[in-house]
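The first residue in the sequence is number 1, and the count goes up from there.
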Amino acid sequence: MNSYQTARYKAYSLALAYVKENESITSSVPIFAAVYTSAIASLDAISNTNKRKIEKRKGVADNKQQHQDSLSVQAQSIASIIGTYSTIKKDLVLKEAMNFSKTELFYGPDQLLNEKSANILTKAKELAADLKDYGITPALIASFESQLKDYSSTINEPRNVAMERKQAVVQIKDLFTQLKLVFTEQLDPLMQLFKTDNRDFYDQYLLKRSIVDPARRKTRVEGTVTNKLTGKALPGATVMIKDTEFVTSTPDDGSYSLNVPGVKQVPVSYQKDGYKPVTKQAILKRGQSTILDVELEEI
């Protein structure tokens, strides 16, 4: 998922979790449970699709690396033996054909390892009778050939995974579209039923449901935290939107700036050891900064 999708997923998850926690309130509306179940199903589908995409990519990479390591070790071993054989036989052409570095085998491009290993295998087969005395047995050659085939088959796997990844991206986009419709056409309208009699519940739902993408958000509350008695700045004070993950702390000058969801009003909590905690209501304007200076009183 991209950053905006991650922000959407987080917001939808928080909102649904909050709804679940307050089941005693929502149970007064019979259809609410069915809408909630539908939203959860879409949310789970997004999570599972994204998880499969990540696991598949990682699995292919790990599988390829294992085959590459095994093939490189055996290729170097057999090439070294053939190189010794060529020195004894004074076969300069063969010696030159086996003359490549460990780096080429272990860290070179896929195609280079594939080609070098294929050349080593060809020479090993051609000289099989002579190389028996050097420890290169038919079984070893067969094992090397099998490893080469396994590695060759993994070279194209990342391309296949790329295709599957593209398909997963499309699926996730479609699932988010479905989930958005569940919220905008069903869940949000049902929540309007609680706007009058359960305003705190309704406001908290809106707060948690607000999509806050770090790359896009601009609405914020900012100001300075000071000592009520001395008027001096208070560094190390914690400033947070209550019951959310939006939190920051003040530096030496006591200032703070906190990005927040673009809702109309949020409770901002100010805390510091040795001082009485304070909560202020911030009246927000979407896309703008709201100035809120706070004085903390020593305990």
Side-chain angles (χ1 to χ4, degrees), residues 1-3 5-6 9 41 43-175:
M1 292 186 286
N2 57 37
S3 66
Q5 287 176 332
T6 299
Y9 183 86
L43 196 71
D44 288 344
I46 291 171
S47 176
N48 291 334
T49 302
N50 190 59
K51 184 178 180 181
R52 286 197 300 271
K53 180 184 71 173
I54 294 172
E55 288 179 346
K56 179 66 176 178
R57 182 171 56 188
K58 183 178 184 302
V60 167
D62 290 345
N63 184 48
K64 180 187 171 191
Q65 190 62 52
Q66 289 174 1
H67 285 303
Q68 181 176 347
D69 291 344
S70 297
L71 181 63
S72 297
V73 169
Q74 198 157 40
Q76 184 189 27
S77 176
I78 295 176
S80 178
I81 293 173
I82 296 176
T84 299
Y85 169 83
S86 66
T87 299
I88 294 173
K89 296 296 183 179
K90 297 182 180 180
D91 188 335
L92 298 181
V93 175
L94 178 59
K95 184 175 182 179
E96 182 60 29
M98 295 296 107
N99 183 25
F100 40 80
S101 67
K102 179 179 179 180
T103 300
E104 288 180 281
L105 288 178
F106 282 82
Y107 306 108
D110 295 333
Q111 197 57 39
L112 179 62
L113 174 58
N114 204 51
E115 290 176 358
K116 294 290 185 183
S117 297
N119 290 338
I120 294 169
L121 178 62
T122 298
K123 292 301 180 182
K125 285 182 174 181
E126 291 175 358
L127 301 169
D130 292 341
L131 293 175
K132 282 183 180 180
D133 295 337
Y134 292 82
I136 299 183
T137 63
L140 180 60
I141 293 175
S143 173
F144 182 50
E145 184 172 20
S146 176
Q147 286 187 350
L148 178 57
K149 287 180 179 178
D150 288 342
Y151 176 67
S152 298
S153 68
T154 65
I155 292 178
N156 292 324
E157 280 190 16
R159 297 175 188 172
N160 297 333
V161 170
M163 291 296 295
E164 293 179 12
R165 183 175 180 276
K166 289 181 180 179
Q167 293 173 355
V169 168
V170 173
Q171 290 174 357
I172 289 173
K173 183 178 179 181
D174 291 342
L175 287 168

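Within 6.0 Å of atom NZ in K116, more than 12 heavy atoms from other residues, nucleotides or ligands are found, so the atom counts as buried in its surroundings. The neighbour count for L92 CG, taken as heavy atoms of other residues, nucleotides or ligands under 6.0 Å away, does not exceed 12.
Distance CD1/I78 to CG/L131: 9.5 Å, rounded to 0.5 Å. Separation of atoms CD (Q74) and CD1 (I141) is listed at 10.5 Å; rounding is to 0.5 Å. Of the inter-residue distances, the one linking S77 atom OG with L140 atom CG reads 7.0 Å to the nearest 0.5 angstrom. Atom NZ in K89 sits 13.0 Å away from atom OG1 in T84 (nearest 0.5 Å). The distance from the CD atom of Q5 to the CG atom of N50 is 8.0 Å, given to the nearest 0.5 Å. Between the CG atom of L121 and the CG atom of L148 there is a distance of 6.0 Å, given to the nearest 0.5 Å.
A donor-acceptor pair shorter than 3.5 Å cannot be found between the side chains of Y151 and N114.
In plain terms, the two heavy atoms of L94 and K123 that are nearest each other are CD1-CD, 3.9 Å. Listed here is the closest heavy atom pair of Q147 and S70: OE1-O, 3.4 Å. Considering every non-hydrogen atom in both G83 and S86, the closest pair reads O-OG, 2.6 Å.
Under a 3.5 Å cut-off, the side chain of N48 and the backbone N or O of D44 do form a donor-acceptor pair. Between the side chain of S143 and the main chain of A139, no donor-acceptor pair closer than 3.5 Å is present. For the pair S146 (side chain) and A142 (backbone), a donor-acceptor distance under 3.5 Å is absent. In this structure a side-chain-to-backbone donor-acceptor pair under 3.5 Å is present from T122 to A118.
Contact annotation: the side chain of E145 approaches that of K125 to within less than 4.5 Å [non-hydrogen atoms, C-beta and beyond].
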| message | Determine whether I82 and I136 satisfy the following criterion, side chain to side chain contact (heavy atoms under 4.5 Å, CB included), listing intermediate values before the conclusion. | response | CA-CA 9 Å; I82 296 176; I136 299 183; 4.2 Å; yes
| field | Derivation and outcome, side chain to side chain contact (heavy atoms under 4.5 Å, CB included), residues I120 and F144 | value | CA-CA 10 Å; I120 294 169; F144 182 50; 3.9 Å; yes
